[in-house]
2 protein chains.
Amino acid sequence: MSCDPFHRHDHAACHDRTLAAVDALCAERGLQFTPTRREVLDLLLRAPKALGAYDILAQLAGDGAKAPPVAYRALDFLVSNGFAHRLEKLNAYVACAHPGDAHLPAFLICRACDRVAEADAPRPLNKAAREQGFTIEGVVMEAVGLCPACADAAE
Amino acid sequence: MSCDPFHRHDHAACHDRTLAAVDALCAERGLQFTPTRREVLDLLLRAPKALGAYDILAQLAGDGAKAPPVAYRALDFLVSNGFAHRLEKLNAYVACAHPGDAHLPAFLICRACDRVAEADAPRPLNKAAREQGFTIEGVVMEAVGLCPACADAAE
DNA sequence: TTGCGGTTGATATGATATAACATTGCGGGT
DNA sequence: ACCCGCAATGTTATATCATATCAACCGCAA
Ligand SMILES: [Zn+2]
Ligand SMILES: [Zn+2]
Ligand SMILES: [Zn+2]
Ligand SMILES: [Zn+2]
């Protein structure tokens, strides 16, 4: 069902399904899913790996070169509405695999092929936070390692 | 015992103890704890919050302005030997609270006062990784929120 | 029409990080 | 003493990531 970048699958279906879901969510919520925003999400969905803001900018350049804020603004829209996620470790962005579902995302990042899988994060810091009286508002959880294919290739 | 930045404590003792521990570890392991490296760790230990590379650079400038690689090289030394940690969310660095102990660090970052506490991370993503056949080599785990003092002040 | 809010376009700048190469200082072998 | 190799440092330039600012545009409603 959900997209697993580490294994062969019909990714065109993931692409179409996600874009349709975001279309619907924006309509529901009264958000403007403008052409630029849609194109950026489309690029993220087509890319085999996380894209930096300037990667996106370059690929938008079909329409003539754009300035950095164009990419950052579209990404801000997508991230703040839960349609994409930022990877702090990579300074890069991926499309969300479950837009609309409330979820705390975690990421598995292959250091060899750069593919990224979105996983569901457990709540592991709650205990430490409670002990210190800390109120958690958001969590970054990103694992770096090797995907199955790259681990096989490396052995 | 270990340093808790969210509560008042005799931090000078933390500072001295950590610096001494790192001195000893470097001697044991045949690492060169040079003046620059020591000064950078000292700055990290004294700072109430995580420091960016350029913050450090500026504070080293007592000796005359240095170029960025000076800071980055010292930080690389400290991070790769486990004497400091990099916070991906902040592009900044903190001294390790338990140098020498093997540990998987997690961080609690107060968005109001910018103080950072190091916690012990559980092994969180192992289940998700196993399901996908992913081999984890390193994990970034950083929670953003409010420390007790700032939460009280905000209510 | 006029004003307003949200989006986009464009220029400039700020902040973070690394490449590349020269230089220094120190120990080991000759 | 000399040379060598190696690790650390110094220095310049550049790459990469991100934001401030202001102008222009567009759909909508008072
Ligand atoms: Zn998601
Ligand atoms: Zn891979
Ligand atoms: Zn630590
Ligand atoms: Zn605080």
Side-chain angles (χ1 to χ4, degrees), chain A residues 22 26-27 29-44 47 49-81 83-94 109 111 114 140 142 144, chain B residues 22-23 26-27 29-41 43-44 47 49-81 83-94 109 114 140 142:
Chain A
V22 173
C26 287
R29 301 181 190 169
L31 299 171
Q32 303 189 41
F33 197 31
T34 62
T36 302
R37 293 167 176 180
R38 191 171 222 281
E39 190 179 356
V40 170
L41 182 56
D42 181 75
L43 289 169
L44 290 176
K49 56 190 207 65
L51 297 178
Y54 281 72
D55 294 335
I56 287 167
L57 212 52
Q59 297 192 242
L60 285 176
D63 327 4
K66 300 285 177 51
V70 171
Y72 284 102
R73 287 195 284 233
L75 288 167
D76 282 351
F77 171 85
L78 295 172
V79 169
S80 58
N81 289 289
F83 304 145
H85 301 294
R86 172 178 166 84
L87 297 170
E88 297 295 340
K89 180 80 186 182
L90 303 180
N91 297 330
Y93 302 82
V94 290
I109 303 170
R111 65 166 165 80
D114 292 324
V140 174
E142 301 172 4
V144 177
Chain B
V22 172
D23 265 329
C26 287
R29 301 180 189 168
L31 299 172
Q32 303 188 43
F33 198 32
T34 62
T36 302
R37 291 167 177 178
R38 191 170 221 282
E39 191 179 356
V40 170
L41 182 56
L43 290 169
L44 290 177
K49 56 190 209 64
L51 296 179
Y54 282 74
D55 294 336
I56 288 168
L57 212 51
Q59 296 193 241
L60 285 176
D63 325 5
K66 299 286 175 48
V70 171
Y72 284 102
R73 286 194 284 232
L75 289 167
D76 281 351
F77 170 86
L78 296 172
V79 169
S80 58
N81 289 291
F83 305 144
H85 301 293
R86 173 178 167 82
L87 297 171
E88 297 295 340
K89 179 82 186 184
L90 302 180
N91 297 330
Y93 302 81
V94 290
I109 304 169
D114 291 325
V140 174
E142 301 172 5

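Each chain gets a letter, A, B and so on, in the order the sequences are listed, and its residues count up from 1. Just so you know, these numbers use all the heavy atoms, side chains as well, and skip hydrogens, waters and symmetry mates.
- Side-chain nitrogen and oxygen atoms of A/Tyr72 include at least one within less than 4.0 Å of the OP1 or OP2 phosphate oxygen of D/dA18.
- The two residues A/Leu90 and A/Ile109 come nearest to each other via the heavy atoms CD1-CG2, 3.9 Å.
- Both B/Tyr54 and B/Pro35 lie near DNA chain D, and the one whose nearest nucleotide falls closer to the 5' end is B/Pro35.
- Whole-Å rounding puts the A/Asn91 CG to D/dA15 C1' distance at 13 Å.
- Residues B/Tyr72 and B/Tyr54 are in side-chain contact: their nearest non-hydrogen atoms beyond the backbone lie under 4.5 Å apart.
- Put simply, CD on B/Glu39 is 18 Å from P on D/dA8, counting in whole angstrom units.
- Remark: C1' of D/dC17 and CD of A/Glu88 are 12 Å apart, rounded to the nearest angstrom.
- In this structure, B/Gln32 and B/Pro68 both approach DNA chain D, and ranking their closest nucleotides by distance from the 5' end singles out B/Gln32.
- The two residues B/Ala92 and B/Ala50 have their closest heavy-atom pair at CB-CB, 3.7 Å.
- By the 4.5 Å heavy-atom criterion applied to side chains, B/Leu78 and B/His85 are not counted as neighbours.
- Taking side-chain N and O atoms only, B/Thr36 has no distance below 4.0 Å to OP1 or OP2 of D/dA8.
- Taking atom NZ of residue B/Lys66 and atom C1' of nucleotide D/dT11, one finds them 12 Å apart after rounding to whole Å.
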List, with names and distances, any nitrogen or oxygen atoms from the protein found under 3.5 Å away from nitrogen or oxygen atoms belonging to nucleotides 22-30 of chain D.
none

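- In the 5' to 3' direction, nucleotides of DNA chain C lying under 4.0 Å from heavy atoms of chain A begin and end at C/dG6 to C/dT11.
- For A/Glu142 (side chain) and A/Glu88 (main-chain N/O), a donor-acceptor pair under 3.5 Å exists by modelled atom type.
- With D/dT12, D/dA8, D/dT19 as the candidates, the nucleotide lying closest to the side chain of B/Ala67 is D/dT12.
- Counting all heavy atoms, side chain and backbone alike, B/Ala71 lies closest to B/Ala53 at CB-O, 3.6 Å.
- B/Arg37 has no side-chain polar atom (N or O) that falls below the 4.0 Å cut-off from OP1 or OP2 of D/dA7.
- Atom C1' of nucleotide D/dT9 and atom CZ of B/Phe77 are separated by 14 Å, given to the nearest angstrom.
- Between the CG atom of A/Leu90 and the C1' atom of D/dT16 there is a distance of 14 Å, rounded to whole Å.
- The separation between A/Asp76 atom CG and D/dC17 atom P is 16 Å, rounded to whole Å.
- Annotation for A/Leu57 and A/Ala67: closest pair CD1-O, 3.4 Å, computed over non-hydrogen atoms.
- Across every non-hydrogen atom of B/Leu41 and B/Phe83, the tightest pair is CD1-O, 3.8 Å.
- Taking 4.5 Å as the limit, some side-chain heavy atom of B/Leu44 sits within range of a side-chain heavy atom of B/Leu75.
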